[in-house]
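Written out below as C-alpha cells is the structure these notes cover.
Each residue takes its place number in the sequence, starting with 1. Each ligand, and each atom within it, is numbered from 1 in the order the structure gives.
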Amino acid sequence: MSKILIVEDESAIVELERDYLELSGFEVAVASDGLAGLQKALTEDYDLIILDLMLPGVDGFEICRSVREKKNTPIIMVSAKKDDIDKIRGLGLGADDYMTKPFSPSELVARVKAHLARYERLVGSAAEVNKVIEIRGLKIDTTARRVWINGEEKAFTTKEFDLLTFLASHPNHVYTKDELFSEIWDMESIGDIATVTVHIKKIREKIEMDTSNPQYIETIWGVGYRFKV
Ligand code: CA
C-alpha cells in the first residue's frame, strides 16, 4: 500500500484529501504545520508528499528544498495562489507537480496515481534492463537513484535524475526535446520544452568536466540530445 504524506494546515482540506486518498486505497499521514511536516518528510518514508505552500512554522518552499536535498519522493505542491505556483516553478525547487486551490479531490487522486505509476515505471524498467549503468566515469544506480561522477556522489532532483537515466538507458539514440518532455514530464504537468533545456544544463553542470564540450549528453543542433557512449 502506498503511503502518502499530507502537509496542510487547513483541516477541512486535510479531511477532504484524506477521505479521497483512503477511499482510493492509500495509507495517509498528516502533518498540520511546517515543522512537523518537515520532520516527517525527512525521517519517514513516503511514496508521495502533498505539500501546501503557506504553512505555519516552516513554509512549503523550505520543506520542498530540504526534502529534495535528501530524497527523490514525488512532491505535489498546492497553493491558493496561481502567482505562487509560478514562483515555485521559477525557483526550480524540484517539485513534481503543482495544483491551485480549490481543486477537485478526484483530480488530486488522479495525479497522485499518475506520479506513483511514473515513478515506479522509471525505477522499475531501468532496473530490469540495467540496475547500475556505468559509462566512463559516470555511475548511475537506478534502483537507489544515486549518481556518481568519478567516484564523487552528486545530488540530483527527481526530474534531473529521470532525464539523465532515461538518456543513459538509451545510448546513442537522438531524442527531440518534445519527446523528452513527454517521456519525463506527465502531460498534465506545467511546462514546455524549455524545461528540458534547463534540466539538461543542470545535469551537465553536475556531470561534465567542461559544459561547453560535453562528453556525455551531446546536443544535436536543431534536433535534440543524445547520450554518447
Ligand atoms: Ca495553508
Next on the checklist: I need the single residue from Lys40, Lys70, Lys71 that forms a salt bridge (Lys or Arg N to Asp or Glu O under 4.0 Å) with Asp45. Which is it?
Outcome noted: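 So, applying the salt bridge (Lys or Arg N to Asp or Glu O under 4.0 Å) to Asp45 and each of Lys40, Lys70, Lys71, only Lys71 qualifies.
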
Next on the checklist: With a cut-off of 3.0 Å, does Asp52 put an N/O/S atom close enough to the Ca ion (ligand 1)?
Outcome noted: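 Yes, Asp52 qualifies, because one of its backbone or side-chain N, O or S atoms lies under 3.0 Å.
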
Next on the checklist: Taking N, O or S atoms only and a limit of 3.0 Å, check whether Glu10 reaches the Ca ion (ligand 1).
Outcome noted: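 No N, O or S atom of Glu10 is closer than 3.0 Å to the Ca ion (ligand 1), so no.
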
Checklist entry - Quick one: do Glu205 and Lys202 make a salt bridge, cutoff under 4.0 Å? => result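 Salt bridge absent between Glu205 and Lys202.
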
Checklist entry - By side-chain contact (heavy atoms from CB on, under 4.5 Å), which residues pair with Glu69, not counting sequence neighbours? => result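 Glu69: side-chain contact (heavy atoms from CB on, under 4.5 Å) contacts with Arg65.
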
Item to check | Asp9 atom (N/O/S) at minimal separation from the Ca ion (ligand 1) | outcome: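 In Asp9, the N, O or S atom with the shortest distance to the Ca ion (ligand 1) is OD1.
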
Checklist entry - So which residues get pulled into Val30's cluster when ILVMFWY side chains under 4.5 Å apart are joined, directly or through others? => result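 Taking Ile, Leu, Val, Met, Phe, Trp and Tyr as members, Val30 shares its hydrophobic cluster with Ile4, Ile6, Val14, Leu16, Tyr20, Leu21, Phe26, Val28, Leu48, Ile50, Ile76, Val78, Met99, Phe103, Leu108, Val109, Val112, Leu116.
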
